[in-house]
Amino acid sequence: MNPTSTPPTSPACATCPVHNLAGLKRLGVDMADWDYVVALAGNPNVGKSTVFNNLTGLRQHTGNWPGKTVTRAEGGFEYAGRRHKLVDLPGTYSLLATSTDEEVARDFLLFGRPDVTIAVVDATRLERNLNLVLQVLEITERVVVCLNLLDQARRLGIEIDDRRLARDLGVPVVRTAARYGEGTQALLQAVDEVATGRAACRPRRVFEEPPVLKQALNSLVTELTRLHPDLPNPRWVAWRLLDGDQRIAEALRDGELPGPSATARQAGAAAAVRGSNS
Amino acid sequence: MNRSTTTDVDRLLQRARDLRWQVGGSLHDHMAEAIYAEAARVADRAVTRPGQQPRFDWDRTLDRIVTSRLWGFPLMLLLFASVFWITIVGANFPSRWLASLLVDTLHPALKQLAAGLGSPGWLSGLLLDGAYLATAWVVSVMLPPMAIFFPLFTMLEDFGYLPRVAFNLDRLFQRAGAHGKQSLSMMMGFGCNAAGVVATRIIDSPRERLIAMITNNFALCNGRWPTQILIASIFIGATAPPVLAGLVSAAAVVGVALFGVVLSLVTSWGLSRTVLRGAVSTFSLELPPYRPPRLLQTLYTSLIDRTLYVLWRAIVFAAPAGVVIWLVANVSFGGSSLAEHIIRWLDPVGFLIGLNGVILLAYIIAIPANEIVIPTVLMLTVLTARLTGVGEGTGVMFELEDANHTRTLLLAGGWTVLTGVNLMLFSLLHNPCSTTIYTIYRESGSVKWTVVAALLPLAMGLVATFFVAQVWRLVAGFG
Amino acid sequence: MSPAPASLTTYDPLTALAAGLASLALLAWLFWPRRGLLAVWKRFRRASARVLKEDALKHLCKVEISGGSVSLTSLAGALQSSQNTAAAVIAELQDAGLIEAREGALRLTAEGRRYGLGIIRAHRIWERHLAEQTGVAEADWHELAEREEHRLSADQTEALAASLGHPTHDPHGDPIPTPDGEFVPHGGQPLGTFPVGQRVRVVHIEDEPESLYEQIVAEGIYPGQVIELTGMTNHSVGFLADGRPRQLTPVVAANISADLLARDAAIGAPPGPALPTLPPGEEGVVQLISPLCRGAERRRLLDLGVLPGTRIRAEMRSPGGDPTAYRVRDSLIALRRDQARHVHLRPAGTTA
């Protein structure tokens with residue numbers, strides 16, 4: 001993993017002027033002609049909506065209460081001259097589509113294929129939040145982990161080695177305290193780097209399959225990659241198939257998966273994807 | 001080409017299906033374990049915890065207090081009583097100010113302006129006496145309490161106290177087959193039922209959420225409190241010695257509100273055991289850490305998200321209702337107005353349930369907002385009793401400054417103590433206002449449950465008032 | 001008192017009261033759940049000719065799988081109808097070419113077998129649906145599926161199977177016949193046929209009749225459980241399940257089928273104490289989540305990070321006595337006693 005891909009998250013940035021975010025233009029609900037689609041995923045009550053408001057200048061209701069955002073909220077922002085459409089997904093504990101919220105979040109990541117996914121995590125409950133992050137990383141590799149609620153963590157005396165975390169996960173990690181606007185600049189920069197491909201994401205799809213499933217999964221993955229060499233997440237798809245996830249089976253059957261390849265999108269075919277998810 | 005891919009996919013899916021027989025049913029368990037194991041490994045490497053526990057853990061201490069057997073309930077009662085008290089007291093002045101501006105000053109001024117411009121009477125009646133006045137009424141009654149209640153409530157929410165309330169009260173709601181968080185959507189319903197229905201979003205279990213939506217109407221909303229207070233002081237307070245009158249009428253109103261809470265629990269119980277017996281139900285309630293609430297942000301978001309949202313919807317429904325109210329009073333045939341025809345027709349039904357045709361018609365045409373029920377009742381009473389010297393003219397809603405005048409007017413309209421008692425009951429137990437009905441439809445996405453939520457309280461109200469009326473007349477020696 | 005309007009000249013509160021009460025009683029009589037006229041009428045309609053026919057085919061299929069034979073009397077018993085009715089059903093099925101009488105016994109034709117297995121498939125898929133996708137109590141599954149199996153079309157059954165991820169077994173452990181009519185029987189034997197001291201694995205629990213099934217459910221027996229037989233008399237079958245001794249009457253025990261296991265097979269370590277026994281302020285380690293916790297409820301627990309090996313600490317109990325807040329992976333989560341009882345803790349002092 002290339003250490004330079006980790007965005008600058010030195011303590012100096014914690015003192016960045018909050019109200020003078022260089023290069024950020026909040027667009028509110030104006031989302032016309034975006035260059036990139038950015039998704040916001042995370043557990044309930046980790047401050048996703050606050051991050052959303054910071055970036056778009058909108059005022060989504062944020063409560064200290066899990067599950068405020070029930071439907072998808074969308075907004076726009078412009079950074080470094082590039083326009084982004086930001087989609088706030090409902091907060092979920094996992095992506096297994098066992099509830100409507102999870103289905104909405106999962107489907108958007110899988111079929112909407114955002115250019116960047118910001119995974120907001122609660123720094124004070126890293127372990128449980130990583131459960132979701134690891135699942136997100138199985139679906140898409142273009143992820144920026146936003147280590148939020150640092151103010152809370154500091155209060156509790158919890159310290160987090162974000163470089164270590166970035167190395168272990170293989171994606172950029174940014175420290176933020178969204179309630180106080182802290183770290184927004186670094187987050188924007190990381191998102192921009194991942195969106196433009198300047199920062200490489202090499203997620204280590206790390207967790208090991210339990211031995212009983214390994215064989216079955218491997219055999220499905222082999223067949224999937226033979227069938228669709230450009231499928232970005234064969235192991236995850238194999239797992240869902242093995243779990244009898246009918247939505248995934250249908251998507252494979254009618255060609256919704258794997259969808260347009262990454263190269264096709266970079267060549268400018270992204271319009272098709274936008275059309276299908278707007 | 002395409003065809004061969006399809007069969008390839010089918011073969012793959014078939015293979016997956018075969019493999020499912022081998023791996024068995026606990027795949028989900030295995031994967032969850034594997035992911036969490038990895039999450040724990042990664043987190044362990046990255047996180048350094050303080051060497052020793054801080055001597056004083058704020059969150060834990062606070063939690064101990066707010067959920068303790070001794071302090072939990074008293075604290076809760078104190079907090080919510082304060083919220084309601086601040087709302088009622090604080091809204092009093094701005095409400096009166098708004099009413100005097102919008103109703104007493106602006107309305108006549110607009111009428112004068114219209115007359116000056118030479119607009120026909122029916123047009124200014126329709127638009128100003130109808131649409132404008134209904135809207136102005138709703139705004140002046142509704143806006144101030146909501147602009148106070150919602151920020152206070154949002155502040156408690158932002159701080160993290162509300163989940164603790166759900167935690168404290170869950171046992172009660174569990175017995176009724178509901179979710180502890182229903183206590184909060186209900187509390188919100190005391191502000192406005194439409195907002196209460198939206199608040200049920202925090203309940204993530206489908207069955208419990210539906211129950212909370214259907215029973216939210218039993219929380220006596222802000223628009224119905226003035227009706228309750230007025231009628232209680234005119235009819236119930238008057239039965240007591242003057243020293244106790246205030247106390248008795250206050251007790252009556254609180255009694256009706258508590259009766260609503262009890263009914264909401266009983267209805268939840270019934271629903272969860274009959275029609276909603278099979279719906280999916282999972283309980284989960286996370287108690288988030290406390291956070292210092294941010295005053296300005298809270299004010300802003302609660303104003304935008306809740307107050308204005310609800311107000312806008314109410315206005316959208318109130319304006320056309322005003323037009324209808326004006327029309328029924330002013331369109332006449334056969335020597336009397338449409339309203340009188342309908343009232344004559346509704347009178348027997350009204351009588352059977354201890355009310356009268358005026359009240360029933362007012363509830364029908366004032367369905368968009370409970371706030372305009374009393375003004376409509378007064379206007380219609382003047383119209384049907386053919387009183388002179390009171391009111392603002394045909395089809396113009398009004399209220400009287402003095403409760404005694406209102407009392408005289410209502411007595412002239414044939415009201416009795418029974419009418420008062422049953423109106424209080426009916427004001428609690430009738431269909432939700434159209435804003436709420438529409439919100440239930442938006443939130444549940446189901447016509448069926450919207451109809452149930454609209455008709456169930458109405459049916460309960462008709463049954464309750466009917467029996468109260470008959471027993472009352474038997475005891476009081478009717479005829 | 002205000003006078004009654006002119007149109008109500010005959011009004012009298014007593015009469016009105018009586019009429020009101022009578023109409024309430026009438027409504028209750030019509031719509032009372034389960035016992036009201038409407039419910040009874042629905043049940044009556046259910047027992048239509050087609051339902052009888054399908055139930056007969058189902059019965060024939062089940063008997064054929066277990067290797068028995070069907071007589072007129074046994075069929076009448078299974079259909080809970082008179083012998084006359086049963087005979088009429090048989091005649092009808094024979095005319096339709098679904099069954100044939102050979103050597104005095106009734107047998108299914110290939111067509112009849114396909115039809116019967118289709119009904120069984122619909123029944124078991126529906127039970128699975130109730131277990132996984134609804135909150136219906138376990139004891140009600142069978143009765144509801146009995147009704148639904150006659151209503152589901154083949155297409156609906158397949159759509160439901162797909163949404164469930166093509167399940168292989170119903171929640172009682174019965175294999176679900178495939179759409180092509182393939183059927184792998186569970187192959188267990190009744191519990192009473194094993195010698196004392198034998199360890200066996202439960203493979204199937206018969207869900208009929210309901211009263212017996214409820215007793216088994218109440219004992220916490222589930223498919224896949226390893227149990228050890230401890231004693232057998234004419235009046236009771238004793239065994240060890242999840243580390244607790246239990247007793248059932250032979251009639252009830254006959255409805256549990258089990259597979260032979262090696263004598264030293266690992267019997268499910270007796271589960272440790274259930275989570276609700278953890279006093280506030282104490283910490284424990286999760287041993288397992290009981291298989292009786294299924295569907296959405298189980299997945300929610302897993303998603304929250306309640307897994308074997310997880311450290312869990314009881315923080316505080318609601319002043320109402322339930323729920324209790326537990327600290328799991330740094331989060332404070334309230335669980336009701338009903339859910340927490342499915343989570344078992346490692347017994348104090350064990351590390352594995």
Side-chain angles (χ1 to χ4, degrees), chain A residues 44-45 59-68 70 94 96 99-101 123-124 126-131 133-135 149 152 155-162 164-165 168-169 179 206-210 212-213 215-217 219-220 223-224 226-227 238-239 241-244 249 252-253 255, chain B residues 5-6 8-13 15-17 19-20 22-24 27-28 30-51 54 58 154 157-160 162-163 201-204 206 282 284 286 288-291 293-294 297 300-302 304-306:
Chain A
N45 206 32
R59 288 279 176 273
Q60 267 245 323
H61 185 81
T62 57
N64 187 7
W65 185 254
K68 286 297 332 173
V70 169
S94 102
L96 298 170
S99 71
T100 330
D101 289 5
T124 64
L126 193 56
E127 192 177 311
R128 200 187 70 189
N129 283 257
L130 283 179
N131 172 50
V133 174
L134 290 172
Q135 293 184 39
L149 301 180
Q152 298 260 344
R155 189 166 67 95
L156 298 171
I158 296 172
E159 279 176 39
I160 296 181
D161 182 351
D162 51 297
R164 178 83 208 226
L165 192 60
D168 276 354
L169 295 173
R179 264 164 77 87
V206 268
F207 71 83
E208 256 178 62
E209 307 92 345
V212 269
L213 305 178
Q215 226 183 344
L217 275 176
S219 100
L220 279 183
E223 258 184 80
L224 269 169
R226 193 180 56 78
L227 215 59
W239 167 32
L241 287 181
L242 212 50
D243 205 11
L252 271 176
R253 198 175 286 140
Chain B
T5 334
T6 314
D8 274 355
V9 170
D10 284 337
R11 205 173 309 131
L12 176 78
L13 296 181
R15 172 115 187 84
R17 225 170 296 158
L19 283 168
R20 279 168 53 72
Q22 293 171 26
V23 294
L27 180 99
H28 193 103
H30 287 307
M31 287 314 266
E33 271 180 59
I35 298 175
Y36 258 115
E38 182 60 27
R41 261 197 298 279
V42 174
D44 246 15
R45 281 197 293 261
V47 179
T48 321
R49 284 170 192 284
W58 253 108
T154 311
E157 176 182 351
D158 207 27
F159 176 55
L162 295 191
R201 287 181 182 181
I202 55 177
I203 302 173
D204 57 1
T282 56
S284 80
E286 194 175 341
Y290 293 100
R291 286 173 200 166
R294 286 160 305 165
Q297 186 112 4
Y300 185 86
T301 50
S302 69
I304 296 291
D305 270 20
R306 291 183 173 151

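Numbers restart at 1 for each chain; the letters A, B, ... are given by sequence-line order, proteins then strands.
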To the nearest 0.5 Å, how far apart are [atom1] in [X] and [atom2] in [Y]?
X	Y	atom1	atom2	answer
B/Arg41	A/Asp168	CZ	CG	10.5 Å
A/Ile160	B/Arg49	CD1	CZ	8.5 Å
B/Arg291	A/Asn45	CZ	CG	4.5 Å
A/Glu127	B/Asp44	CD	CG	7.0 Å
A/Leu169	B/Glu38	CG	CD	9.0 Å
B/Met31	A/Leu242	CE	CG	8.5 Å

Next item on the list: Measure A/Leu224 against the heavy atoms of chain B and call it side chain, backbone, both or neither at under 4.5 Å.
Entry: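 Both the backbone and the side chain of A/Leu224 come within 4.5 Å of chain B.
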Next item on the list: Against chain B, label A/Arg155 side chain, backbone, both or neither, depending on which of its atoms sit under 4.5 Å from a heavy atom there.
Entry: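 For A/Arg155, the side chain is the part near chain B, not the backbone.
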Margin query: I'd like to verify something: which residue of A/Leu149, A/Val133, A/Ile158, A/Thr124 has the highest number of heavy-atom pairs under 4.5 Å with chain B?
Written below: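 The option with the most such pairs is A/Ile158.
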Next item on the list: Indicate yes or no: at least one non-hydrogen side-chain atom of B/Thr48 is less than 4.5 angstrom from one of A/Asp161.
Entry: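 Contact flag for B/Thr48/A/Asp161 side chains = no.
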Margin query: Using side-chain heavy atoms (C-beta onward) and a distance below 4.5 Å, is A/Arg226 in contact with B/Leu12?
Written below: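 The answer is no, as the side chains (C-beta and beyond) never meet within the 4.5 Å cut-off.
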Checklist line | Heavy-atom pair of closest approach, residues A/Leu134 and B/Ala39 | finding: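 For A/Leu134 and B/Ala39, the tightest heavy-atom pair comes out as CD1-N, 3.6 Å.
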Item checked: Residue pair B/Ala46 / A/Leu126: nearest heavy atoms and the distance that separates them ->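 Of all heavy-atom pairs spanning B/Ala46 and A/Leu126, the closest is CB-CD2, 4.4 Å.
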